Q: 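Let me begin by handing over the structure; questions about it come next.
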Amino acid sequence: MTWGDRSISQQWVLALDPSADLVDKISSETGLPKTVVKILINRKLDTAEKVKTFIDPRLEDLTDPFNLKGMTAAIERVTDGLRQNEKIMIYGDYDVDGITATALLFLVFNRLGAQVDYYLPNRLTEGYGLSEDGIMEAKSRGITLIISVDTGITAVQEVEFAREQGIECIITDHHEPGDRMPNAVAVVNPKQDGCPYDEAELSGVGVAFKFAQALYRKLGQDPRELEEHLDLVALGTSADIVPLLGENRTLTRYGFKQIVRTTKPGLKSLAFVSGLMGKEIGTGQVVFVLAPRINAIGRLGDAKLAIKLLTTRDEHLASKIARELDVENKRRKSIDEATLTEAMAQIGDVCDMENDRAIVLASEGWHQGVIGIVASRLVEKYHLPTVLIAIDNGEGKGSARSIPGFHLCEALKECENHLIRYGGHKYAAGLTIKPENVERFRRQLIDVSNRMLTDDDLIPKLFIDAEIELDQISNQFLDTLEMFSPFGPMNMRPIFLTRNLEVMGQPYQVGRNHLKMKVRKGDIIFDVIGFGFGDMVRPLSMRAGTVDMAYVIEYNHWNGVSRIQLRVKDIKFDTGHIPRGNAP
């Protein structure tokens, strides 16, 4: 296929075979099947001790929060403030990570009897991060100490402005620092230079939880009280798409259990309106069901309602807000679809899809609250770094999403002469730009991407953990794989390959372009579901012979019955030789 057509075939890459002796050793020491051990070794879990810690993580093994640079100074300042009965403001962000971090610290300070308030900037009128408007609002409320969560690491000017207003700041964040650090009382961010903390990829709410742990220890409080807030940590961590390894995975694993038994009326009501009441909660349920509803209100305007949902003890209010968020999410979806349609049309007008290695689109009609979602969908479709810019009142607000091999923040740094400001992660970033600079920014980002990205980078890779036969799949095998959960970035559900599968009967399409069929090899038959693979129904029906299939193994829970099904990741009629290598 050409890049202009862009129906890009994935390149399958089969994992390397680790040392047979090492596989045998770990398998005998842990009792795990060799196929499972191979997967774990390729995920850098190459000792029995590492495997056992991964399979059975414990909260008591979490790293000392005071290992975070700046934590001691931050906690000293907070305890002084508590003794002086100062008015404290938790200043957050309007996405799920920022909302949950704000709610967590607000609840913690409330429990401690502090005079605490919170503030979330309005996405549409203020934009991301600490703002002069927010600081002046803090001053009007008599605040003398601001604690930022999930934001603030680049707020150099804003922290100085706060000082001028008689307000001190403690910054807790997890985003990439800029060239200068804000002159705050303390900065707690595992990514800052000189921080010895082992877990550099904590989410914003993860850093807030470590802050709460340190505060409880300093005040001699029972740290087990904080476990009731692991539901918030799991929500924010999963939604922010950070690596689900180490502490992120431990906190999320226990947090999912806490969501099911949560005492927070808001989370109960949200689960009810989302159809999740009484069901198991995992990364998928958070990312695709709960998080969009929490996000919706912030994307379309003021996120404070989401804080009320997560902190209220009033069940009637919680139910009312949950219904409002559900309605807002439906409205957000319709805006998403309209924006995606417009973006796709614009691609044909402004992009050279044969030669450009980045997509930059801008429009005055777009809602800045949804452009990040639409950018992600364009990345999925075209496998190119993508920036969408919503222009309003003479200013452009952009959301950028990337692909493996392209560090967004480094690329944006090379284009910063055209930007008012920018910040974010390797794969996701935000920016502000003057409309008259959009075209120059587009050309420079394309120049940078053309230089940084190779032809190989433009081919999406599907990394396959192991090649197996259908007779290796059983409930016991799947139950062992489920011990890898929670699944997410850097800890994805294992992908398997089986060749020469016979398609049984007639494949058919269900729902919105989904594939249903059965496959057989020998005497073994399994049900198959392929979300988004409905277009394969016709070629599978018309073509004789066998297929090779890459898939994940999961349970399909239906009408109280659980059965194994294979969920398609890709189908090929002839894979031939598959190169070997592990996921980066």
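Below, each value reflects all heavy atoms present in this structure, side chains not excepted, and no hydrogens, waters or symmetry copies. This chain uses plain numbering: 1 for the first residue, then up along the sequence. Source: prediction; values computed, not measured.
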Q: Do NZ/NE/NH1/NH2 and the carboxylate oxygens of Asp179 and Lys413 come within less than 4.0 Å?
A: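 Judged by the 4.0 Å cut-off on N to carboxylate O distance, Asp179 and Lys413 do form a salt bridge.
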
Q: Can you name the closest pair of heavy atoms from Asp97 and Val205 and give their distance?
A: OD1-N, 2.8 Å

Q: Indicate the atoms forming the closest heavy-atom contact of Ser274 with Leu270, along with that distance.
A: OG-O, 2.6 Å

Q: Taking Ser238 for its side chain and Thr283 for its backbone only, find out whether a donor-acceptor pair lies under 3.5 Å.
A: no

Q: Output the distance between atom CG (Asn295) and atom CG (Leu325), rounded to the nearest 0.5 Å.
A: 9.5 Å

Q: So does Asp240 get a backbone contact from the side chain of Asp95, meaning a donor-acceptor N/O pair under 3.5 Å?
A: no

Q: Flag the pair Phe54 / Asn491 as yes when at least one side-chain heavy-atom distance between them is below 4.5 Å, and no otherwise.
A: yes

Q: Does Arg111 qualify as a cation-pi partner of Tyr216, given the criterion of NZ or CZ under 6.0 Å from the six-membered ring centre and within 45 degrees of its axis?
A: no

Q: Any side-chain heavy atom of Ile147 within less than 4.5 Å of one from Leu105?
A: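 Yes, their side chains come closer than 4.5 Å.
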
Q: Determine the sole option in Leu232, Ile90, Leu310 for which the side-chain contact (heavy atoms from CB on, under 4.5 Å) test with Leu104 is passed.
A: Leu232

Q: Kindly indicate, with the supporting measurements, whether the criterion side chain to side chain contact (heavy atoms under 4.5 Å, CB included) is fulfilled by Leu378 and Leu388.
A: CA-CA 10 Å; Leu378 292 176; Leu388 262 65; 3.7 Å; yes

Q: Using the side chain to side chain contact (heavy atoms under 4.5 Å, CB included) rule, take Ile171 and Met181 through it: C-alpha gap first, then chi angles, then the decisive distance, then the call.
A: CA-CA 10 Å; Ile171 304 298; Met181 297 290 281; over 6 Å; no

Q: Quick check: are there more than 12 heavy atoms from other residues, nucleotides or ligands sitting under 6.0 Å from CD of Glu225?
A: yes

Q: Quick one about Gln565 and Glu554 (side-chain donor to acceptor, distance below 3.5 Å, no hydrogens or angles considered), yes or no?
A: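 On atom types as modelled, these side chains qualify, holding a pair under 3.5 Å.
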
Q: For Phe106 and Val116, run side chain to side chain contact (heavy atoms under 4.5 Å, CB included): C-alpha distance rounded to whole Å, both residues' side-chain angles, the deciding distance at 0.1 Å, then the answer.
A: CA-CA 7 Å; Phe106 180 75; Val116 63; 3.9 Å; yes

Q: Start with the C-alpha distance between Arg224 and Glu60, add both sets of side-chain angles, then the distance that settles salt bridge (charged side-chain N to carboxylate O under 4.0 Å, His left out), and finish with yes or no.
A: CA-CA 10 Å; Arg224 289 175 296 183; Glu60 52 265 35; over 6 Å; no

Q: Parallel, tilted or perpendicular: which describes the rings of His514 and Phe531, with under 30° parallel and over 60° perpendicular?
A: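 The arrangement is perpendicular - the two ring planes meet at more than 60°.
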
Q: Give a yes or no on whether Glu416 atom CD has more than 12 heavy-atom contacts from other residues, nucleotides or ligands under 6.0 Å away.
A: yes

Q: How about Lys461: does its NZ atom have over 12 heavy atoms from other parts shown lying under 6.0 Å from it?
A: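 More than 12 within 6.0 Å, yes.
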
Q: On a heavy-atom basis, which atom in Ile167 and which in Ala138 lie closest, and how many Å separate them?
A: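 Heavy atoms only, the tightest pair is CD1-CB, 4.0 Å.
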
Q: Stepwise, does the side chain to side chain contact (heavy atoms under 4.5 Å, CB included) test hold for Arg493 with Arg567?
A: CA-CA 11 Å; Arg493 191 179 287 273; Arg567 176 160 55 85; 4.1 Å; yes

Q: Side-chain donor-acceptor pair under 3.5 Å between Thr102 and Tyr94, yes or no?
A: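 Per modelled atom types, Thr102 and Tyr94 side chains form no pair under 3.5 Å.
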
Q: Does any N or O in the side chain of Thr252 come within less than 3.5 Å of the main-chain N or O of Ala234, such that one atom is a donor and the other an acceptor?
A: no

Q: Does a side-chain heavy-atom distance below 4.5 Å link Ser203 with Phe209?
A: no

Q: Checking Ser131 against Tyr91 for the side-chain hydrogen bond (donor to acceptor under 3.5 Å, both in side chains) test, could you report, in this order, the C-alpha distance in whole Å, the side-chain angles of both residues, the deciding distance, and whether it holds?
A: CA-CA 10 Å; Ser131 69; Tyr91 196 120; 3.3 Å; yes

Q: What are the two closest non-hydrogen atoms of Met277 and Lys268, and how far apart are they?
A: CE-O, 3.2 Å

Q: Taking all non-hydrogen atoms of both residues into account, name the closest pair between Ala411 and Phe406 and its distance.
A: CB-CZ, 3.4 Å

Q: More than 12 heavy atoms of other residues, nucleotides or ligands under 6.0 Å from NZ of Lys257: is that the case?
A: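 Yes.
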
Q: Could you give me the CA-CA distance, side-chain angles and deciding distance for Glu395 and Thr432, then say whether side-chain hydrogen bond (donor to acceptor under 3.5 Å, both in side chains) is met?
A: CA-CA 7 Å; Glu395 187 172 74; Thr432 306; 5.4 Å; no

Q: Looking at Arg512, I'd like to know if its CZ atom is crowded, meaning that more than 12 non-hydrogen atoms belonging to other residues, nucleotides or ligands lie closer than 6.0 Å.
A: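 Atom CZ in Arg512 is not crowded, with 12 or fewer foreign heavy atoms closer than 6.0 Å.
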
Q: Between Glu328 and Arg331 (salt bridge meaning N to carboxylate O under 4.0 Å), is one present in this structure?
A: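 A salt bridge is present here (some side-chain N lies under 4.0 Å from a carboxylate O).
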
Q: Got Val207 and Asp173 here, is their nearest side-chain heavy-atom distance under 4.5 Å?
A: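 Counting from C-beta outward, Val207 and Asp173 never come under 4.5 Å.
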
Q: Using only atom types and a distance under 3.5 Å, with no angle test, would you say the side chain of Gln285 pairs donor to acceptor with the backbone of Gly282?
A: yes

Q: Apply salt bridge (charged side-chain N to carboxylate O under 4.0 Å, His left out) to residues Glu410 and Lys426 and explain how you reach the verdict.
A: CA-CA 8 Å; Glu410 291 179 2; Lys426 180 178 181 179; over 6 Å; no

Q: Using a 3.5 Å distance criterion without hydrogens, assess whether the side chain of Glu176 forms a donor-acceptor pair with backbone atoms of Lys191.
A: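 Checked: no pair found.
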
Q: Taking atom types as modelled and ignoring hydrogens, do the side chains of Tyr254 and Glu227 form a donor-acceptor contact shorter than 3.5 angstrom?
A: no

Q: With Lys304 as the cation and Tyr119 as the aromatic partner, state whether NZ or CZ is under 6.0 Å from the six-membered ring centre and within 45° of the axis.
A: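 Relative to the ring axis of Tyr119, which defines the angle, Lys304 lies inside both limits.
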
Q: Considering only heavy atoms from C-beta outward, does the side chain of Ile373 approach that of Arg332 to under 4.5 Å?
A: yes

Q: If the threshold is 4.0 Å, N to carboxylate O, is there a salt bridge linking Lys333 and Glu337?
A: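 No, no charged N to carboxylate O under 4.0 Å.
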
Q: Quick check: does any side chain N or O of Lys264 sit under 3.5 Å from a backbone N or O of Glu228, one acting as donor and the other as acceptor?
A: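 Yes; judged by distance alone, with no hydrogens or angles, the pair exists.
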
Q: First locate atom NZ of Lys569, then atom CE of Met492, and finally report the distance between them rounded to the nearest 0.5 Å.
A: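 Taking NZ in Lys569 and CE in Met492, the distance rounds to 6.0 Å.
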
Q: Tell me if a side-chain donor or acceptor on Arg249 pairs with a main-chain N or O of Ser485 at a distance below 3.5 Å.
A: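 Checking the backbone N and O of Ser485 against the side chain of Arg249, a donor-acceptor pair under 3.5 Å is found.
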
Q: Yes or no on salt bridge (charged side-chain N to carboxylate O under 4.0 Å, His left out) for Arg77 and Glu86, after CA distance, side-chain angles and deciding distance?
A: CA-CA 11 Å; Arg77 176 63 182 85; Glu86 282 186 72; 2.8 Å; yes

Q: Just to verify, which of Thr237, Leu59, Leu62 counts as forming a side-chain contact (heavy atoms from CB on, under 4.5 Å) with Glu247?
A: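 Exactly one candidate clears the test, Leu62.
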
Q: Using only heavy-atom distances, determine whether the side chains of Glu280 and Tyr555 contain a donor-acceptor pair under 3.5 Å.
A: no

Q: Sub-3.5 Å donor-acceptor pair from the side chain of Ser399 to the main-chain atoms of Gly430, do we have one?
A: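 Answer holds: no.
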
Q: Could you check if a side-chain atom of Cys415 sits within less than 4.5 angstrom of a side-chain atom of Tyr422, using non-hydrogen atoms only?
A: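 A side-chain contact is absent here, since even the closest heavy-atom pair is not under 4.5 Å.
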
Q: Are any non-hydrogen side-chain atoms of Lys69 and Gln192 less than 4.5 angstrom apart?
A: yes

Q: Do Thr262 and Asp231 have side-chain atoms, one donor and one acceptor, less than 3.5 Å apart?
A: yes

Q: Using side-chain heavy atoms (C-beta onward) and a distance below 4.5 Å, is Asn556 in contact with Ile529?
A: no

Q: I need the minimum non-hydrogen distance between Ile99 and Ile307, along with the two atoms involved.
A: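 Here Ile99 and Ile307 meet closest at O-CD1, 3.3 Å.
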
